[in-house]
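Read through the structure below, which is laid out as structure tokens, and then see the notes.
For the single chain, residues carry numbers from 1 onward in sequence order.
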Amino acid sequence: MVSKVTPSVGMFLSLSATLAWVTLPMTSGSFESCGLVQQHVNPPMSASSTQNEVHTEDTRGLVQQHVSPLMSASSTQNEMHTEDTLSMVQLKSDDGIKRVTKENGARSKDVLFREASRAQMASCRAHAPKVNHPNRKPKAGSVLYVIKTYAGAYENKLRAVMETWGAQVPRSSLLIVGDKEHKEFPIHVAKECGADANLGLACRVAHGVELAAKTPGNWSWVFVVDDDHYVKTDNLESFLATLDSSVATGVGCYGCGAGGQFNYCRGKGGFCGGCGYGFSRAALMKAVRGHEAEFREQHLSVAESRELSEAREDMAMSCTMTDRLPDMKVQPLVGGGIDGNNAAELMKALSRDGCNTQSSLWHWIKPEMMHKVHKLVTTDGPGC
């Protein structure tokens with residue numbers, strides 16, 4: 001029985017980031033490296049100063065949030081001197097400052113992790129081996145797609161998926177995991193999980209992987225994606241068809257969460273969620289099928305661990321699977337890891353390549369862009 005994960009409420013502060021170079025180590029052993037990657041972004045302050053220091057200028061900004069009830073609005077905004085500000089904060093807002101400073105550090109780390117992951121995804125894409133897709137078309141239903149989402153995205157992100165690439169996938173191969181039912185979409189409700197993007201999301205991914213392991217049929221692979229991924233399913237499935245699904249294998253961009261200030265899963269890191277990641281049938285049968293309770297208990301422990309995953313769903317699932325299957329082969333993904341945030345560059349590339357694109361997945365695709373990408377890679381682009 002998995003306990004329900006309740007989301008925490010935090011206050012997010014806007015941050016800016018400056019670029020710095022950090023070199024990630026290559027993975028070894030049974031892990032095939034994406035190559036050396038130089039990652040960007042250092043927070044405005046070091047991790048220690050972010051967590052332990054509040055500058056005078058920041059303190060002034062915090063007063064209105066935490067000390068304003070103590071004095072009139074006019075005197076707070078117009079007449080308070082620095083000495084008074086520091087005194088009031090010290091006397092009345094020590095707990096508030098500690099909380100905000102802690103949240104500031106957590107937010108800064110999130111920015112670092114995302115930018116480092118983008119760099120690692122780009123490196124994986126650049127170093128992925130060249131693979132000739134088989135001439136024969138993969139068998140329908142060979143891949144189960146776990147789509148992680150929540151009710152707040154059903155009518156925008158998920159709808160865009162279901163009106164584009166998701167419409168081309170047999171419903172029996174779609175495992176959409178959310179927190180609430182939907183009158184139109186076949187949502188698998190993970191009642192034991194929260195709706196948040198931390199422990200709740202990690203829990204929903206585990207729910208989806210467990211569902212996949214129990215799904216009947218002759219499927220060969222399970223692939224985990226977000227509700228803002230666009231998947232060119234024919235390319236992805238053709239690539240996966242070149243691999244042996246009877247061997248316990250994980251597929252994706254491996255190496256996120258390792259290097260620099262990140263040391264998840266005892267320094268091994270894991271799959272970059274932005275690339276999407278998958279597991280062979282053999283891997284799921286060995287790690288999950290028939291061991292569901294043990295799998296969920298171990299996954300929850302990893303997800304809750306600050307050292308192993310810090311509630312990041314990709315790190316939690318990667319670490320759980322590699323711990324349960326130490327000999328699992330890790331295969332670089334071909335055609336994934338494309339950042340969809342730069343709409344102009346994305347449209348330029350797809351207008352050039354169209355249906356002939358060798359790419360398989362794009363991430364951070366907004367709903368309106370999802371439809372444009374779909375037309376270019378299925379009907380309207382060159383070679384269609």
Side-chain angles (χ1 to χ4, degrees), residues 32 34 121-122 124-148 160-162 164-176 205 208-209 212 215 217-245 247 249-254 271-284 314 317 329-340 346 349-350 353-365 370 373-374 376-379 381 383-384:
E32 296 189 30
C34 294
M121 287 161 56
C124 284
R125 178 171 170 78
H127 290 85
K130 302 299 181 183
V131 176
N132 292 322
H133 293 166
N135 292 327
R136 63 182 179 82
K137 186 177 180 180
K139 184 167 54 178
S142 62
V143 178
L144 300 179
Y145 293 92
V146 173
I147 303 176
K148 47 187 189 280
V161 167
M162 297 302 289
T164 57
W165 71 267
Q168 299 178 326
V169 179
R171 284 292 177 103
S172 59
S173 296
L174 285 177
L175 300 176
I176 307 172
V205 172
V209 168
T215 299
N218 295 321
W219 56 269
S220 301
W221 294 90
V222 171
F223 209 82
V224 181
V225 296
D226 290 303
D227 51 17
D228 60 352
H229 268 109
Y230 182 89
V231 184
K232 195 171 190 308
T233 56
D234 54 343
N235 281 0
L236 178 63
E237 292 173 17
S238 293
F239 165 66
L240 292 175
T242 68
L243 308 177
D244 187 353
S245 63
V247 175
T249 306
V251 177
C253 305
Y254 198 92
F271 290 111
C272 305
C275 279
Y277 56 90
F279 302 102
S280 65
R281 186 185 185 101
L284 258 65
D314 44 5
M317 183 54 66
K329 180 181 179 181
V330 172
Q331 171 69 42
L333 175 67
V334 173
I338 304 175
D339 186 345
L346 176 61
L350 291 180
D353 299 333
C355 292
N356 294 319
T357 179
Q358 296 300 301
S359 299
S360 300
L361 295 100
W362 296 261
H363 194 211
W364 298 298
I365 303 296
M370 191 82 68
V373 171
H374 185 66
L376 283 172
V377 301
T378 58
T379 59
C384 299

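Partners of Tyr145 under the ring pair (Phe, Tyr, Trp, His ring centres under 6.0 Å) rule, at least two apart in sequence or in another chain, are Trp165. For Asp226, the side-chain hydrogen bond (donor to acceptor under 3.5 Å, both in side chains) partners at least two apart in sequence or on another chain are Lys148, His363. For the ring pair (Phe, Tyr, Trp, His ring centres under 6.0 Å) test, residues two or more places apart in sequence or in another chain that qualify with Trp362 are Tyr230.
Minimum heavy-atom separation, His229 to Cys275: NE2-C, 3.9 Å. Pro332 and Val330 get closest at one heavy-atom pair: CD-O, 3.9 Å. Across all their heavy atoms, Ile365 and Gly340 have their closest contact at CD1-CA, 3.7 Å. Taking each heavy atom of Ser245 and Ser220 in turn, the nearest pair found is CB-O, 3.4 Å. Minimum interatomic distance between Val222 and Trp219 (heavy atoms only, all atoms of both residues): CG2-CZ3, 3.6 Å.
Side chains of Ile147 and Val161 form a contact here, defined as non-hydrogen atoms less than 4.5 Å apart. Side-chain contact check for Gln358 versus Phe239: every heavy-atom pair is 4.5 Å or farther apart. For the pair Leu376/Asp353, no side-chain contact is recorded, criterion being any heavy-atom separation below 4.5 Å from C-beta on. Taking the side chain as every heavy atom from C-beta outward, Leu361 and Ile338 never approach each other to under 4.5 Å. At least one side-chain heavy atom of Met162 sits less than 4.5 Å from a side-chain heavy atom of Leu174. Considering only heavy atoms from C-beta on, Leu346 stays 4.5 Å or farther from Asp339 through its side chain. Annotation: side chain of Met317 is in contact with side chain of Phe279 (closest heavy-atom distance under 4.5 Å).
Within the cation-pi definition used here (under 6.0 Å to the ring centroid, within 45° of the axis), Arg281 does not qualify as a partner of Trp221.
The SG atoms of Cys355 and Cys384 are placed within less than 2.5 angstrom of each other. In this model, Cys124 has its SG atom no nearer than 2.5 Å to the SG atom of Cys272.
Here OG1 of Thr249 is found 11.5 Å from CG of Leu284. Values are rounded to the nearest 0.5 Å. Annotation: the span from Tyr254 atom OH to Tyr277 atom OH amounts to 12.0 Å, rounded to 0.5 Å. Once rounded to the nearest 0.5 Å, the distance linking OG of Ser360 with CG of Asn235 reads 5.0 Å. Taken to the nearest 0.5 Å, the OG1 atom of Thr233 stands 5.5 Å off from the CD atom of Gln168. Rounding to the nearest 0.5 angstrom, the gap separating the CG atom in Asp227 from the CE atom in Met370 is 8.0 Å. Annotation: the span from Asp228 atom CG to Trp364 atom CH2 amounts to 8.5 Å, rounded to 0.5 Å.
Checking side-chain atoms of Thr378 against main-chain N and O of His374 turns up a donor-acceptor pair under 3.5 Å. Side-chain N or O atoms of Thr357 include one that pairs as donor or acceptor with a backbone N or O of Ser359 at under 3.5 Å.
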Verdict with reasoning, Leu144 to Phe223, per side-chain contact (heavy atoms from CB on, under 4.5 Å)
CA-CA 6 Å; Leu144 300 179; Phe223 209 82; over 6 Å; no

Step-by-step side-chain contact (heavy atoms from CB on, under 4.5 Å) determination, Val225 to Val146
CA-CA 6 Å; Val225 296; Val146 173; over 6 Å; no

